[in-house]
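Working notes for the structure below.
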Amino acid sequence: MIIVTYNINSIRIRIAELKQIAEKSNADIICLQEIKVEDSLFPFDEVKSLGFPYIYISGQKSYNGVAILSRFQLYDVQAYEIIDSSHKRHISAKLENGVEIHNFYAPAGGDIADPIINEKFDFKLRFYEALIDWSNEAKNSNRKMIMAGDMNIAPLENDVWSHKQLLKVVSHTPIEVELMEKLRATLGWIDSSRHFVPASEKLYSWWSYRNQDWKKSDRGRRLDHIWLTPNLASCLKSSYIMKEARDFANPSDHVPVVTEINI
DNA sequence: ATGGTTGGACCCCAA
């Protein structure tokens with residue numbers, strides 16, 4: 001089974017890119033973030049025609065919004081409102097065999113890395129504390145879980161273009177990195193991208209729009225992640241980041257993470 | 001130190 005996570009930054013203007021991604025990845029399941037559309041305006045017909053008849057969404061107008069697209073039926077679908085009831089940032093569904101898929105869009109956190117001055121950063125930290133509680137609920141349960149999404153944190157030194165220059169930049173501050181590691185450690189989550197790429201190697205999934213040549217400056221960050229619970233470790237077959245998607249005609253600033261699992 | 005771009009809404013906000 002091939003699972004993809006992709007921050008699409010508006011699904012309605014990026015159907016052509018989604019098509020390319022579906023074809024190149026041969027995805028069975030695509031977790032989307034920032035669909036930026038309310039449920040009633042979701043482009044169901046266009047997405048179905050890409051080979052995903054099963055569509056599970058938690059949308060809102062203008063901001064946020066998550067969706068799971070699937071080639072086969074999923075079960076026990078739940079949409080959550082972590083902390084703030086107006087933010088649609090988490091949807092989950094189960095495979096027929098009971099494996100859980102959780103799709104997240106973590107808050108970006110604003111510009112200033114201080115929770116007292118910047119309430120968006122405070123919200124991001126509280127969101128992660130809530131995620132840690134959510135993950136801890138699965139402790140000792142042996143639930144098989146996949147979590148995918150735009151987590152808006154780049155945890156390792158080589159997950160950003162300059163560790164030193166980004167230490168005070170939201171997405172790579174020590175407090176965020178510590179929270180993400182605390183989340184990872186709850187269940188011993190496996191980072192599928194880093195499972196195949198050593199920590200010494202640069203690896204990014206996002207490049208800002210605010211560079212005239214994203215490839216030349218290459219100031220990327222790895223904000224998008226697919227994690228597995230340890231009881232799925234033996235199923236993890238491969239993973240890659242589809243960097244070429246950043247060069248599509250009308251690209252998102254994020255590119256897809258693609259993970260293959262034998263389940 | 002600053003500003004650079006994009007998307008969706010509305011005459012600005014979030015990323």
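Every chain is numbered from 1 and lettered A, B, ... according to where its sequence line falls, protein lines coming before strand lines.
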Next on the checklist: According to a hydrophobic-cluster definition based on side-chain heavy atoms being under 4.5 Å apart (Ile, Leu, Val, Met, Phe, Trp, Tyr only), do A/Y240 and A/L228 belong together?
Outcome noted: no
Checklist entry - Which parts of residues 33-45 of chain A get close to DNA chain B, meaning a heavy atom less than 4.0 angstrom away? => result A/E34, A/K36
Which donor-acceptor pairs under 3.5 Å do the side chains of residues 256-263 of chain A make with protein atoms, sequence neighbours left out?
residue	atom	partner	partner atom	Å
A/T259	OG1	A/S192	OG	2.9
A/T259	OG1	A/S239	OG	2.9

Item to check | Distance, C1' atom - from B/dC11 to B/dG7, rounded to whole angstrom | outcome: 16 Å
Checklist entry - What residues in residues 149-161 of chain A put a non-hydrogen atom under 4.0 Å from any atom of DNA chain B? => result none
Checklist entry - Who passes side-chain hydrogen bond (donor to acceptor under 3.5 Å, both in side chains) against A/S85, sequence neighbours left out? => result none
Checklist outcome for this item: Sorted by number, residues from residues 202-214 of chain A placing a heavy atom under 4.0 Å from DNA chain B are A/Y209, A/R210
Item to check | Whole-Å gap separating C1' (B/dA15) and CD1 (A/I8) | outcome: 16 Å
Checklist entry - Does A/R14 make a side-chain N or O approach to OP1 or OP2 of B/dG7 shorter than 4.0 Å? => result yes
Item to check | Pairwise C1' distance, B/dC10 and B/dA14 [rounded to whole Å] | outcome: 14 Å
Checklist entry - What is the distance from NE2 of A/H87 to P of B/dC13, rounded to the nearest Å? => result 15 Å
Checklist outcome for this item: The side-chain hydrogen bond (donor to acceptor under 3.5 Å, both in side chains) partners of A/D213 (sequence neighbours excluded) come to none
Checklist entry - When you compare B/dA9 with B/dC13, how far apart are their C1' atoms, in angstrom units rounded to a whole number? => result 9 Å
Checklist outcome for this item: Between the CG atom in A/D28 and the CZ atom in A/F72, the distance rounded to the nearest 0.5 Å is 5.0 Å
Checklist entry - Can you tell me if A/N9 uses its side chain to pair, donor with acceptor, with the backbone of A/S252 under 3.5 Å? => result no
Checklist entry - So which of A/Q20, A/E23, A/K19 actually passes side-chain contact (heavy atoms from CB on, under 4.5 Å) with A/L50? => result A/K19
Checklist entry - Quick one: A/N9 CG to B/dC13 C1', roughly how many Å, whole number? => result 13 Å
Next on the checklist: When you measure from the side-chain N and O atoms of A/K61 to the phosphate of B/dA9, is any distance below 4.0 Å, counting only OP1 and OP2?
Outcome noted: no
Checklist entry - Can you check the A/N7 CG to B/dG7 C1' distance for me, whole Å? => result 11 Å
Next on the checklist: If we count only N and O atoms by modelled type, under 3.5 Å, do the side chains of A/S92 and A/Y80 hold a donor and an acceptor together?
Outcome noted: yes
Checklist entry - Between A/K88 and A/D39, is there a salt bridge with N-O shorter than 4.0 Å? => result no
Checklist entry - Of all the nucleotides listed (B/dA15, B/dA9, B/dC13), which has the minimum atom distance to the side chain of A/R89? => result B/dA15
Next on the checklist: Pick the closest DNA chain B nucleotide for A/Y105 and for A/I13 by heavy atoms, then say which residue is nearer the 5' end.
Outcome noted: A/I13
Checklist entry - In terms of side-chain heavy atoms, does A/N103 have a donor or acceptor partner in A/Q33 at a distance below 3.5 Å? => result yes
Item to check | Donor + acceptor pair across side chains of A/N231, A/N142 (<3.5 Å) | outcome: yes
Checklist entry - Within this structure, what is the CD-to-C1' distance between A/Q60 and B/dA14, rounded to whole angstrom? => result 11 Å
Item to check | Whole angstrom value for the distance that separates P of B/dA1 from CD of A/Q165 | outcome: 13 Å
Checklist entry - A/L187 versus A/W227: any side-chain heavy-atom pair under 4.5 Å? => result no
Checklist entry - Are OP1 or OP2 of B/dG7 and a side-chain N or O of A/N250 less than 4.0 angstrom apart? => result yes
Next on the checklist: Suppose you measure atom C1' in B/dG4 against the same atom in B/dA15; what distance do you get, rounded to whole Å?
Outcome noted: 14 Å
Checklist entry - Over how many whole Å does the gap from A/K216 atom NZ to B/dG4 atom P extend? => result 19 Å
